[in-house]
Amino acid sequence: MTPLLSVQGITKHYGAHIGCADVSFDLYPGEVMGIVGESGSGKSTLLNCMAGHLAPDAGRVVFDTRKPSEGDAADHENHGPRDTVTMSEPERRMLSRTDWAFVHQHARDGLRMGVSAGGNVGERLMAVGARNYASIRDQATDWLGRVEIDAGRIDDRPTTFSGGMQQRLQIARNLVTGPRLVFMDEPTGGLDVSVQARLLDLLRGLVRDMGLSAIIVTHDLAVVRLLADRIMVMKSGRVVESGLTDQVLDDPQHAYSQLLVSSVLQV
Amino acid sequence: MTDQAYNFAYLDEQTKRMIRRAILKGVAIPGYQVPFASREMPMPYGWGTGGVQVSAAVLTPDDTLKVIDQGADDTTNAVSIRSFFERTAGVATTTATRAATVIQTRHRIPEEPLTEGQILVYQVPIPEPLRFLEPRESETRKMHSLEEYGLMHVKLYEDISRHGHIATSYAYPVKVEGRYVMDPSPIPKFDNPKLSGTPAIQLFGAGREQRIYALPPYTQAVSLDFDDHPFTPSKADHPCGLCAATESYLDEVITDDQGGRMFVCSDTDYCTARQAAGHKGKDAA
Ligand SMILES: Nc1ncnc2c1ncn2[C@@H]1O[C@H](COP(=O)(O)OP(=O)(O)OP(=O)(O)O)[C@@H](O)[C@H]1O
Ligand SMILES: [Mg+2]
Ligand SMILES: [Zn+2]
């Protein structure tokens, strides 16, 4: 089987300082990969390099691009595995509003706070050419329901939403175009524990129902325990251990993973 | 009499050449915002310094200039810009749309169809149509270059969700020749159809924002909309009280302090000419 995403030797420095170094892994369709590690270990740097927000110094991020449907304006030759680091910026930006999604830790970074909930969800649809108001609104209503936001709030701005609702709105806004790969950076960070639990349940349901592939960065081992099939443990920019989630968490091999799991480290 | 303390049309030749280069680039890439080094003009920014600089760069001694503000030739703003060019360029001026070769305007397109050889210069306060939702200039520039215009429709979506229809009635965005989305300056959307396919050259100058853009003659400019909420160029549903015109854009004016009001053409030249030709509205003396 072709991996959906093949990450090969991703390295990023900030000046002389290492952000992340020589990270490689494959992600298969429907798989959820968790990235854990203490603060400053390079999780966000790696995620942003994969998602095209940061240009890595070295390495490839090969994504199995979709064959365009019949009559689609897209290039009909250039599908299949493509290195997104070297593809043109317009192509990469097109990917990030169609097949990719990115859920930010802070909802305000991923939402338009001055735009209604419906407009936030509809934006990606309009960005790919939807021009029927009624149908955009129907899809927005449907998605608000799927993330458990009352349809009556469709015309309210996210500034009037609680933190948990904002995060769920961000998820709806990202998933409305049916992406195949979702990048998430601490999606439950900064939320109350009970709100976190509800969001995690919701995420787990969506990932299963939609057969999503996802890469989730988190401090929180409970999050990866619940969502991730496999995890990578990072330290000082490098992956020190990776494997099936239960295996790594129940029987960590690397000394650092053992510290992490035993909660000796305040991550 | 030209005031000899100034170069022709106030600006020095080098500055005018720089502005002309920006105009030519704008004409070559319809709807694209060309940066230019805006100069201080002897008037405040709100007075249309972008339009004034563009006019100064295109005027020749043989031109006849008309200046309108909201359709009127006689507002303080229009009068002072007209006298500025009378003084600094010594050009002939007119209020007749037909007689003008260069028309500088704020907020209107004349009712009388423009012709080949005429230049319409718009004063633009905010040239960036994406500004209201995306304040980062670096990002809007990228959106233009990659034709990422979904955000324009988010604005229209918000309008409909809030008002039941597209409530934007001024500065209504257009897509130029299927490529750049452009802010036509705060003209009423009633004027939008006149932007498209006109035989005149249309130039847009934003002084404070230092941008020039253009629509060369016969350029297509399509107002954005939704399939189920199509663009409609609306106006007040009345005939003009003075000249009985039914096809012109109307202003509502208060006539006395008893709450009396009437609707009259915002284009004063158009209205006056119709009255002179014998058309008479219900409020005409
Ligand atoms: N923009 C930047 N400029 C310079 N150094 C940076 C920058 N961003 C991150 N770093 C450094 O790179 C390393 C990795 O940072 P990164 O943000 O990827 O860590 P992280 O694992 O996401 O941490 P956290 O859990 O706190 O979010 C850290 O040492 C950090 O200080
Ligand atoms: Mg981080
Ligand atoms: Zn009239």
Side-chain angles (χ1 to χ4, degrees), chain A residues 52-53 55 73-74 87-98 100 108-141 143-144 151-160 169 172-174 176-177, chain B residues 29 32 126 128-169 171-175 177-181 189 192 220-232:
Chain A
H53 300 168
M87 79 174 26
S88 72
E89 190 181 18
E91 283 182 292
R92 196 165 47 238
R93 281 175 72 114
M94 177 59 94
L95 258 190
S96 32
R97 55 181 200 268
T98 53
W100 288 2
R108 63 173 176 275
D109 296 330
L111 290 174
R112 293 197 186 276
M113 299 308 274
V115 169
S116 70
N120 265 288
V121 178
E123 180 175 347
R124 276 172 76 113
L125 297 169
M126 294 181 248
V128 295
R131 292 293 178 265
N132 186 289
Y133 175 81
S135 119
I136 292 164
R137 201 160 169 88
D138 285 349
Q139 291 183 72
T141 307
W143 265 100
L144 290 182
R153 304 297 304 269
I154 190 169
D155 294 328
D156 296 344
R157 294 189 174 181
T159 40
T160 68
L169 181 63
R173 166 181 161 86
N174 270 282
V176 66
T177 46
Chain B
I29 317 170
Y32 172 77
I126 298 170
E128 179 48 71
L130 298 160
R131 171 82 47 86
F132 60 94
L133 286 176
E134 180 49 76
R136 289 168 299 176
E137 157 97 26
S138 58
E139 190 59 18
T140 54
R141 206 179 305 159
K142 192 159 279 176
M143 289 165 144
H144 282 293
S145 74
L146 300 180
E147 284 184 75
E148 292 179 0
Y149 289 129
L151 210 48
M152 281 321 311
H153 275 86
V154 173
K155 162 95 166 48
L156 301 180
Y157 169 96
E158 292 289 282
D159 253 18
I160 303 172
S161 70
R162 214 168 305 146
H163 308 283
H165 62 274
I166 299 178
T168 301
S169 53
Y172 194 107
V174 293
K175 193 161 199 181
E177 290 290 338
R179 179 57 183 88
Y180 286 98
V181 167
K189 67 175 178 175
N192 268 30
Q220 182 201 52
V222 177
S223 303
L224 303 182
D225 61 7
F226 286 100
D227 299 342
D228 48 346
H229 285 269
F231 171 79
T232 47

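To find a chain, count down the sequence lines: A is the first, B the second, and so on, and within it residues start at 1.
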*Please state whether the side chain, the backbone, both or neither of B:L156 comes within less than 4.5 Å of a heavy atom of chain A.*
neither
_Contacting moiety of B:I160, where chain A heavy atoms sit under 4.5 Å_ = both
*asked:* Tell me whether A:E123 contacts the main-chain N or O of B:G150 through its side chain, where contact means a donor paired with an acceptor under 3.5 Å.
replied: no
*Top contributor to chain A contacts, counting heavy-atom pairs under 4.5 Å, from B:L146, B:D228, B:V154, B:D227*: B:D228
*Interface residue of largest heavy-atom contact number with chain A, from B:K155, B:E147, B:E139, under 4.5 Å*: B:E139
*How about A:M94: does its CE atom have over 12 heavy atoms from other parts shown lying under 6.0 Å from it?*
no
*Heavy-atom distances under 4.5 Å only: say whether A:D155 touches chain B with side chain, backbone, both or neither.*
side chain
*Counting only heavy atoms closer than 4.5 Å, note whether A:R97 contacts chain B via side chain, backbone, both or neither.*
side chain
*asked:* If we define contacts as heavy-atom pairs under 4.5 Å, which of A:R137, A:R131, A:M126 has the most with chain B?
replied: A:R131
*asked:* Between B:L151 and A:R112, is there a side-chain heavy-atom distance shorter than 4.5 Å?
replied: yes
*NZ/B:K142 to CD/A:E89 distance, rounded to the nearest 0.5 angstrom?*
4.0 Å
*Work out which heavy atom in A:S116 is nearest to a heavy atom in B:Y157; give both atom names and the distance.*
OG-CE2, 3.8 Å
_Can you tell me how the ring of A:Y133 sits relative to the ring of B:H229, calling it parallel under 30°, perpendicular over 60° and tilted otherwise?_
perpendicular
